[in-house]
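Below is one structure, written out as structure tokens, with a few remarks after it.
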Protein chains: 2
Amino acid sequence: MKMVDQIAAIPLFRGLARKQHEDLAMILMEQVFKRGNSIFFDGDEASGFYVVVSGRVKIFKLSPEGKEQILHIFGPGEPFGEVAVFTGRRFPANAEALEETRVFFILRAAFVDLVRQDPSLALNMLAELSMRLRRFTLLVENLSLKEVPGRLAAYLLYLSEGKKGINEVVLDISKNQLASLLGTIPETLSRILARMTREGFIQSSGQRQIRLLDRQGLEELASGERRLA
Amino acid sequence: MKMVDQIAAIPLFRGLARKQHEDLAMILMEQVFKRGNSIFFDGDEASGFYVVVSGRVKIFKLSPEGKEQILHIFGPGEPFGEVAVFTGRRFPANAEALEETRVFFILRAAFVDLVRQDPSLALNMLAELSMRLRRFTLLVENLSLKEVPGRLAAYLLYLSEGKKGINEVVLDISKNQLASLLGTIPETLSRILARMTREGFIQSSGQRQIRLLDRQGLEELASGERRLA
DNA sequence: CGTGGCCTTGATAAAGTTCAAGAGCCGTGG
DNA sequence: CCACGGCTCTTGAACTTTATCAAGGCCACG
């Protein structure tokens, strides 16, 4: 695919004039990262930001003892690292490729110029950051107000969203990574999956396939109305 | 003070032309809330957003069992509720006045028009939202990767920031509210303050005065290098 | 066929919450 | 001016949830 078309396909750049897409094509650079490679580190100086073209990227924090908390997982079309464009100049967390990943890198100054020129780009970015804040609100709510079974139930329901009738979900990340996303450790996650299975909420086949046997029950777990025995 | 001057004093509106400040003065409405009054609820339809003129506002989530997690506390000059302007149309959390509070309320459509016209307003808002995301990153890090003593130590150091030489901090909120901000409950906070006192990190006089006796030690607690006995 | 990553399970320990009771403080109204 | 009621804060004991440490199974890949 031609680069301009790839750019036009990115939601952040939707509604821009062809001319602007061409400008972007001039100022951005393409990079490829292999699975497990770091894209940037918490505290690094940021000279620009990224957009995922293909593959997936996790954004995460590390504790001194090495525990990891995943903040986001971004896929194709999603920007990351933009926070450092508008404040602080340093990345507030780490970024690493979860699989072979292609990204566009866009220099700060060039991008800010574009934002200044084009209100719809500004509004797109505002929408993106607002969405991000909304998700963070949920993450904080989960971490602080729900126990691990509730967080897991919420995640399973989230995975099955929009799939009416189909109660089979496929985890899109390893259980280790899922534990880190849910703010716990693999052992705890494993035990809770076992309990949910024992109590008839779910049934799993293979490492990543989970059948939701009791959606309603899961919703009650997620909202805190019910708890595991 | 005249309204236009009050508007000009708000960081979000810095760099705008006088004309724009006058436009804003036309479209915004002033409201007053008493201590403890709700400004909006999680899930409410949002027709606009707010800026604190005087007083303070807490933004928080509630669990079904009634536990509260404070997400932000905003003071004079700070906008809140903007997330609903750019996505989703509903407020993602609750807002309540911590004391007698005056706010400006700005309608969504009018504000979006202004953003469209003025790139520097857009950039100011982008900076604001980015800062907000950065703070959330810290909040998640604290909740997930630090234990309560570490969070408390970090908060005390935060309060004393910029005050070189002065090791006396004054809590700006009640201990109940502080517990909610740190993602715990008053009992736990109370116990940890007692332990910190016993171990010589701090000393308190009155309900809200705390003297930091061992800044270095607190920093080690905050970063996880050290733990309470 | 062996090695390493991922996942599971058990025993133990730590951190935090819940429940209960009581002390201190403040503003209101008698 | 004092007493009452309410709120905040503290402390103790029991309990719950989660993490830690240790070991073993499974599977894919070289």
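Residue numbers start from 1 in every chain, and the chains themselves are labelled A, B, ... in the order their sequence lines are given, proteins ahead of strands. Model, not experiment: these values are computed from the prediction.
- Each of C/dA15, C/dT17, D/dT20 was ranked by its minimum atom distance to the side chain of B/Glu147; first place goes to C/dA15.
- A salt bridge does not link A/Lys61 with A/Glu68: every distance from a Lys NZ or Arg NE/NH1/NH2 to an Asp or Glu carboxylate oxygen is 4.0 Å or more.
- Contact check, B/Thr188 against C/dA15: no side-chain N or O comes under 4.0 Å of OP1 or OP2.
- Here the C1' atom of nucleotide D/dT10 and the CG atom of B/Asn176 are 11 Å apart, to the nearest Å.
- Within 4.0 Å of A/Arg227, counting heavy atoms only, lie sugar-phosphate atoms of the nucleic acid but no base atom.
- Rounded to whole Å, the distance from CD on B/Gln177 to P on D/dT8 is 8 Å.
- Look at B/Arg132 and B/Glu128 and you find a salt bridge, because one of the NZ, NE, NH1 or NH2 atoms lies within 4.0 Å of a carboxylate O, short of that distance.
- Atom CG of A/Leu145 is separated from atom P of C/dT17 by 11 Å (rounded to the nearest Å).
- In this structure, the nucleotide among D/dT11, D/dT18, D/dA19 sitting nearest to the side chain of A/Thr184 is D/dA19.
- Atom CD1 of A/Ile210 is separated from atom C1' of C/dC7 by 13 Å (rounded to the nearest Å).
- Distances shown here put every side-chain N or O of B/Lys67 at or beyond 4.0 Å from the OP1 or OP2 atom of C/dT18.
- Ring geometry, A/Tyr50 versus A/Phe91: the interplanar angle falls from 30° to 60°, so the pair is classed tilted.
- A donor-acceptor contact under 3.5 angstrom links the side-chain atoms of B/Arg191 to the base of C/dT18.
- Among the atoms of the strands shown, only primed sugar atoms or phosphate atoms (P, OP1, OP2) are found under 4.0 Å from some heavy atom of B/Gln207.
- The distance from atom CG of A/Leu182 to atom C1' of D/dT17 is 16 Å, rounded to the nearest whole Å.
- Taking 4.0 Å as the cut-off between side-chain N and carboxylate O, B/Arg35 and B/Glu100 do not count as a salt-bridged pair.
- Here C/dT9 presents its C1' atom at 11 Å from CZ of A/Arg198, a figure rounded to the nearest Å.
- Atom CD of A/Gln69 is separated from atom C1' of D/dA19 by 15 Å (rounded to the nearest Å).
- The A/Pro186 side chain lies nearest to C/dT8 when the options are C/dT9, C/dG16, C/dT8.
- Note on B/Lys146: nothing from the nucleic acid sits closer than 4.0 angstrom, heavy atoms only.
- Taking the charged nitrogens against the carboxylate oxygens, A/Glu147 and A/Arg195 have no contact shorter than 4.0 Å, which rules out a salt bridge.
- B/Ser174 comes within 4.0 angstrom of the backbone, heavy atoms only, and of no base.
- Of the candidates D/dT11, D/dC21, C/dT18, D/dC21 carries the atom nearest the A/Glu187 side chain, counting heavy atoms from C-beta on.
- Separating the CG atom of A/Leu193 from the C1' atom of D/dT18 is a distance of 15 Å, rounded to the nearest angstrom.
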